[in-house]
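Within every chain, numbering begins at 1; the chains are lettered A, B, ... in the order of the sequence lines, protein sequences first and strands thereafter. No hydrogens, no waters, no symmetry mates; every other heavy atom, side chains included, goes into these values.
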Protein chains: 2
Amino acid sequence: MARVSSAQRRVELVQAALRVIDRDGVHGATTRAIVAEAHVPLATFHYVFRSRDELIRELIAYVVEQEGRAAEGTLQSATDIRSLLRTGLQAYFDLVVSEPNREQAMFELFHYALRTDELDDLPRLQYERYHRTAADLLAAAARQLEITWSVPLDELARLLVTFTDGLTLAWLADRHDAAAARTMDHAADFIARFANPPTEQINQGAHS
Amino acid sequence: MARVSSAQRRVELVQAALRVIDRDGVHGATTRAIVAEAHVPLATFHYVFRSRDELIRELIAYVVEQEGRAAEGTLQSATDIRSLLRTGLQAYFDLVVSEPNREQAMFELFHYALRTDELDDLPRLQYERYHRTAADLLAAAARQLEITWSVPLDELARLLVTFTDGLTLAWLADRHDAAAARTMDHAADFIARFANPPTEQINQGAHS
DNA sequence: ACACTTCTTGGTCAAGCGTCTAAGACGACC
DNA sequence: GGTCGTCTTAGACGCTTGACCAAGAAGTGT
């Protein structure tokens, strides 16, 4: 086997573990399944990781960060905030539909971390990141369409994440595409209502 | 050990398993942990259940049904639909706060069933029941306040479940009570907007 | 050529897992 | 009181799991 730095091996194992979890769930991600997926001997695992949970911790950080980054470039252009939101939700939903196991894995990792003493600080960080990402997107949307939000950004971001979580769970359960579309319609309507259109008076007042 | 019908033993084991899952998660609910909790010998398990997954199947059915029943008596009285919805959400949320592990266990069971071939019909049934319960509550609320809903009941029920799921997940992650309260405020506002107030004209038209 | 750090890896360990067997005890019925 | 279906239970089975050890190979600096 090629000689590789242990930092590099860690990355390889994390990515292999992610593929295993996609396929077989967190439960199926045993040390042996992971090293088989990565094509390395079993003993390599505990050379680079102290324990299985140490890998899971690194994996969650990796995948949450990756999901946050993926959301950044998502924002498209639109003439009104409602359709901008609706399109964004659709883009997220299309991702879920195309890779259902990925989002399922995120939930499983979340619940696994909640139950594991050494990892129970991660769920908070995971949702902090989700909320921050949502807030960034909503702020960028406001900037693009020159509107302002009538409620605090944090509050709106949390609502958006509430919608995506609930939407995803129900769809994973019944795969009801049409119902999911209706939910997204309502979610877009709902959040769009918090947009204050740019009034000339306010702008004039600011400039004069 | 007292001689008991196998039907009765099944119930005992299901309830013991539920306590174990509350405490240690689905992962911790091994056959040995369950029989220890129920104070019966290990061999009893496979006398009354063909397999562990057969117990899990019965447990999910039991607990989903129980949750549905619990929701029935929840509806309180109020003068307007908005506060009725807000109070109902609060009642649900108080339950989650008082027994966080219970709701966490529901999610874990959901994801476990999704990953298990013999159980993969259960998530659909689980959410059917949730949606039906939500629809029943919304219908009862409409009856009580003599309003009608401006969108199909199924659609509204799904939205309500979307909110409760998303609300619960975020709270389990960060235990942010105030943020959860804001989310419930918005959810109540949102759904209340779909209420058509009873117009005298309609009533008169129906009676004359 | 030498020492020294870093990486590789076959083999092994104890613990825990779901499941099954087979022998016996109980209690209702004839 | 004997028979027969139902329930009880100790013990064992084969297998998987996370973790560890110790020996050696590969590369690096002197």
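When the side-chain nitrogen and oxygen atoms of A/S6 are compared with OP1 and OP2 of C/dC7, one or more of them lie within a distance under 4.0 Å.
Not counting sequence neighbours, the partners of A/E108 by the side-chain hydrogen bond (donor to acceptor under 3.5 Å, both in side chains) test are B/R115.
Taking every heavy atom of both residues into account, B/L59 and B/L18 meet most closely at CD1-N, 3.7 Å. The minimum heavy-atom distance between B/P123 and B/F110, with the atom names listed, is CB-CE1, 3.5 Å. Pairing each heavy atom of A/Q104 with each of B/L114, the nearest pair is NE2-CB, 3.5 Å.
In terms of position along DNA chain D, the nucleotide closest to B/A2 lies nearer the 5' end than the nucleotide closest to the other residue of the pair A/R3 and B/A2.
Among the heavy atoms of the strands lying under 4.0 Å from B/V4 are primed sugar atoms or P, OP1, OP2 only; no base atom is included.
Atom CD of A/E12 is separated from atom C1' of C/dC7 by 13 Å (rounded to the nearest Å). Atom P of nucleotide C/dT6 and atom OH of A/Y47 are separated by 7 Å, given to the nearest angstrom.
Scanning DNA chain D 5' to 3' for nucleotides with an atom closer than 4.0 angstrom to a non-hydrogen atom of chain B gives a first and last hit of D/dG5 to D/dA12.
A/E58 and A/Y62 share no side-chain donor-acceptor pair at under 3.5 Å. Judged by distance alone, the side chains of B/T74 and B/Y92 never bring a donor and an acceptor atom under 3.5 Å apart.
The side chain to side chain contact (heavy atoms under 4.5 Å, CB included) test with A/L55 is passed by exactly one of A/I34, A/I60, A/V48, A/T31: A/I34.
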Dump the pairs, protein N or O against N or O of nucleotides 18-20 of chain C, anything under 3.5 Å, distances to one decimal.
{"from": "C/dG18", "atom 1": "OP1", "to": "B/T31", "atom 2": "N", "distance (Å)": "3.4"}
{"from": "C/dG18", "atom 1": "OP1", "to": "B/R52", "atom 2": "NE", "distance (Å)": "3.3"}
{"from": "C/dG18", "atom 1": "OP2", "to": "B/T31", "atom 2": "N", "distance (Å)": "3.0"}
{"from": "C/dG18", "atom 1": "OP2", "to": "B/T31", "atom 2": "OG1", "distance (Å)": "2.6"}
{"from": "C/dG18", "atom 1": "N7", "to": "B/R32", "atom 2": "NH1", "distance (Å)": "2.8"}
{"from": "C/dG18", "atom 1": "O6", "to": "B/R32", "atom 2": "NH2", "distance (Å)": "3.0"}
{"from": "C/dT19", "atom 1": "OP2", "to": "B/H46", "atom 2": "NE2", "distance (Å)": "2.9"}
{"from": "C/dT19", "atom 1": "OP2", "to": "B/R52", "atom 2": "N", "distance (Å)": "2.9"}
{"from": "C/dT19", "atom 1": "O5'", "to": "B/H46", "atom 2": "NE2", "distance (Å)": "3.4"}

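Electrostatic pairing of A/E12 and A/R9 counts as a salt bridge here, judged by a charged N lying under 4.0 Å from a carboxylate O.
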